[in-house]
2 protein chains.
Amino acid sequence: MGEERRPTLEMVARRAGVGRGTVSRVINGSSRVSPDTREAVRTAIAELGYVPNRAARALVTRRTDTVALVVSEPEERLFDQPFFAGIVRGVSAVLNDRGLQLLLATARTDADHGRLGDYLSGGHVDGVLLVSLHTDDPLPDRLAGAGVPVVLGGRPLYPPRHPVHYVDIDNVGGAASATRRLVGAGRRRIATVAGPADMAAGQDRLRGHREALAEAGLPDPPELTVHGDFSHEGGARAMRELLDAAPDLDAVFAASDDMALGVLRTLREAGRRVPEDVALVGYDDTAAAAHTDPPLTTVRQPTERMGGEMARLLADTAIAEGPDAKPQAVVLDTRLVVRESG
Amino acid sequence: MGEERRPTLEMVARRAGVGRGTVSRVINGSSRVSPDTREAVRTAIAELGYVPNRAARALVTRRTDTVALVVSEPEERLFDQPFFAGIVRGVSAVLNDRGLQLLLATARTDADHGRLGDYLSGGHVDGVLLVSLHTDDPLPDRLAGAGVPVVLGGRPLYPPRHPVHYVDIDNVGGAASATRRLVGAGRRRIATVAGPADMAAGQDRLRGHREALAEAGLPDPPELTVHGDFSHEGGARAMRELLDAAPDLDAVFAASDDMALGVLRTLREAGRRVPEDVALVGYDDTAAAAHTDPPLTTVRQPTERMGGEMARLLADTAIAEGPDAKPQAVVLDTRLVVRESG
DNA sequence: CCCCGGTGTGGGAGCGCTCCCATACAGGGG
DNA sequence: CCCCTGTATGGGAGCGCTCCCACACCGGGG
């Protein structure tokens with residue numbers, strides 16, 4: 001069939017009556033080319049519909065103008081969260097106007113995971129954005145070790161061997177604002193359904209909760225803290241434990257909206273009214289939060305900004321300044337969205 | 001610093017004591033290499049930690065092993081829907097085991113849009129998956145015209161100039177199942193808050209609704225159909241119109257859950273009980289649907305399968321067989337999720 | 001004993017670009 | 001009038017791979 005080859009830089013050069021070098025110079029802006037020549041080249045490009053071949057360029061420049069967004073959560077529930085949606089939005093926006101492409105990489109199986117590591121450290125992308133909720137992920141260190149620019153979404157749980165740039169959301173502050181709200185409403189027996197202890201978000205939200213309690217001079221007895229797994233079901237189960245251990249509680253801070261949904265269900269089943277008997281505040285501001293009965297007071301995270309900051313940090317610092325750049329941490333504030341549950 | 005170059009195929013060849021061609025043959029499987037040689041090459045590759053340079057390969061093969069997922073919805077609200085999340089999941093899974101990479105392309109501004117068109121038709125990806133909810137999107141035709149393999153998510157609204165592969169969800173059938181449910185519950189004045197008339201999903205869901213009505217021998221007077229824009233607010237507004245024009249309605253089929261949420265709000269404000277006075281069925285099964293008051297009966301779409309089928313169709317047909325392949329259409333069934341609203 | 005086909009294998013050519021050195025030319029000062 | 005500096009331009013080399021042609025080698029049939 002047609003099979004006609006796409007125009008090359010060489011063809012543009014011939015058509016414009018100049019050398020390849022000149023065309024290249026025009027395309028890549030920067031250096032000096034006389035206005036007339038520049039114009040001639042531009043015309044030839046337009047006439048031919050020339051589009052530079054990225055592979056050829058990448059081969060010589062060793063840059064691909066592509067960055068990967070790696071979602072390293074095995075259960076890809078992550079995609080469902082507005083959390084992830086916001087990040088993608090923020091990342092794309094910034095990348096778009098830096099002229100970078102976004103490669104979305106996921107790894108479901110362990111084999112996928114290994115291949116992904118090879119791929120990413122193989123120089124196929126200029127940098128990597130890593131949103132990893134898990135603690136035992138070896139990817140960051142591996143990439144950093146291979147000299148691949150990396151920016152993490154969420155703080156590293158342990159101090160990494162290679163210090164790394166990251167953008168985090170102020171989980172401590174967010175949780176504190178949630179609990180403070182409960183305190184301000186006059187609650188005194190405030191329980192929490194905390195997140196998993198092996199996730200940074202879980203740890204930090206619990207810490208924020210405790211700080212707010214301490215600040216108000218409220219006690220923090222062990223029976224008022226139960227850990228969940230951030231899921232609906234986990235929240236329901238945790239609430240049942242809480243009700244057994246401390247039937248007189250008058251408020252709950254759930255470290256995720258999903259868990260808050262479960263809490264709500266258990267509370268209803270137990271005949272407790274929300275917020276009259278038990279006030280409830282969640283975390284995340286998921287799509288469901290506005291539509292529960294009663295609508296959920298919760299903590300909204302600036303996910304889109306997070307994505308944007310990650311991309312910016314990667315492009316402008318991690319990639320631009322190379323491995324010797326001083327690792328930066330950006331921490332973003334949350335906002336309490338007050339509805340009716342607490 | 002280090003700046004050491006990554007190992008090349010040439011280095012592997014030297015180390016294994018063979019020629020470049022042989023190494024290439026081993027890497028790309030296919031043709032015959034003696035077991036001993038193959039083993040020696042494998043060893044050298046492992047020792048060196050060699051990873052093939054994609055740019056170099058792409059330069060000669062003219063294939064990039066990358067496909068783009070284009071989200072052409074200007075308001076990127078799309079990302080928030082489980083709809084999109086499912087698609088991404090399905091797409092990644094299939095792409096992963098085809099050894100293909102996923103490029104996520106978004107275009108917010110018109111300038112973005114133009115650039116995206118250049119980019120995609122410029123041979124930088126092997127194929128394009130296009131999820132476009134809008135009718136006036138010139139991209140499919142442009143890409144097909146440029147000989148780029150394309151698979152659409154959702155049927156084309158108008159017969160395209162270049163026939164194209166697509167995967168659709170049976171909106172007609174899904175909507176019919178929703179309305180049938182209402183009919184089966186004994187409702188007789190069944191209204192619909194339809195989607196925009198310029199979207200395929202909007203048209204088809206309205207058609208399904210009407211078919212179910214006809215099938216039951218129920219009238220379909222104009223005052224029982226109002227168009228919304230798929231949004232919460234639009235649904236609330238549409239419901240107000242409906243209540244004015246046909247106060248005696250006893251059921252509503254909303255063509256999206258977001259609109260159903262608005263419908264629910266308006267109904268509550270008007271003092272109508274759901275489902276006692278007015279039964280309600282939505283469409284999409286969004287995250288919020290399970291948690292409204294009452295929980296929403298709605299139509300769930302097989303989004304993950306849709307993504308998977310799109311990727312499969314692209315890789316196995318559109319790319320593999322080239323532009324002469326007979327355009328295929330895959331249509332997937334929906335499932336009615338019965339909760340309490342209708 | 002020669003020829004022939006089938007296997008394995010080496011390595012030149014070339015994909016389309018950027019980099020950089022060489023060259024050409026224009027002026028200004030000695 | 002020559003030299004020197006600076007600016008604009010051409011084009012060779014080479015990035016790391018795949019493709020493909022040429023070649024070596026091995027037996028078996030004539």
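So that the names make sense, note that chain A is the first sequence line, chain B the second, and so on, each numbered from 1.
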Taking only side-chain nitrogens and oxygens of [X], does any of them come within less than 4.0 Å of OP1 or OP2 of [N]?
X       : N     : result
A/Thr37 : D/dA8 : no
A/Thr22 : D/dT9 : no
A/Ser34 : D/dT7 : no

Exercise for review: Tell me what A/Gly17 touches on the nucleic acid: a base, only sugar-phosphate, or nothing, going by heavy atoms under 4.0 Å.
Suggested key: sugar-phosphate
Exercise for review: Could you check whether B/Arg62 gets within reach of a base, just the sugar-phosphate, or nothing at all, counting any heavy atom under 4.0 Å?
Suggested key: sugar-phosphate
**Study point:** Pairing of A/Arg63 and A/Asp65 as salt bridge, 4.0 angstrom limit
**Key:** yes
Point to revise | Charged N-O contact under 4.0 Å between A/Arg98 and A/Asp126 | key: no
Check your understanding: Base, backbone or nothing for each nucleotide of nucleotides 17-24 of chain D, written B, S, -, heavy atoms under 4.0 angstrom, 5' to 3'?
Key -> BB-B----
How far apart are the closest heavy atoms of [X] and [Y], and which atoms are they?
X        : Y        : value
A/Met306 : A/Ile169 : SD-CD1, 3.6 Å
A/Leu130 : A/Pro140 : CD2-CG, 3.5 Å
A/Val330 : A/Leu313 : CG2-CD2, 4.4 Å

Exercise for review: Drop me the distance from A/His162's NE2 to A/Asp141's CG, to the nearest 0.5 angstrom.
Suggested key: 5.0 Å
Practice item. Quickly, which of B/Val12, B/Val33, B/Thr37 forms a side chain to side chain contact (heavy atoms under 4.5 Å, CB included) with B/Val26? Name it, please. Key: B/Val33
When the distance from [atom1] of [X] to [atom2] of [N] is rounded to whole Å, what number comes out?
X       : N      : atom1 : atom2 : value
B/Glu39 : C/dG8  : CD    : C1'   : 17 Å
B/Leu59 : D/dG14 : CG    : C1'   : 12 Å
A/Asp36 : D/dA8  : CG    : P     : 12 Å

Check your understanding: Does the pair A/Asp97 and A/Arg312 meet the rule for a salt bridge (Lys or Arg N to Asp or Glu O under 4.0 Å), with working shown?
Key -> CA-CA 11 Å; A/Asp97 65 47; A/Arg312 220 184 311 277; over 6 Å; no
Review point. Are the side chain of B/Ser24 and the backbone N or O of B/Thr22 linked by a donor-acceptor pair below 3.5 Å?
Key: no
**Study point:** Strand DNA chain C in bracket notation, Watson-Crick/G-U under 3.5 Å with | for pairs to another chain
**Key:** ||||||||||||||||||||||||||||||
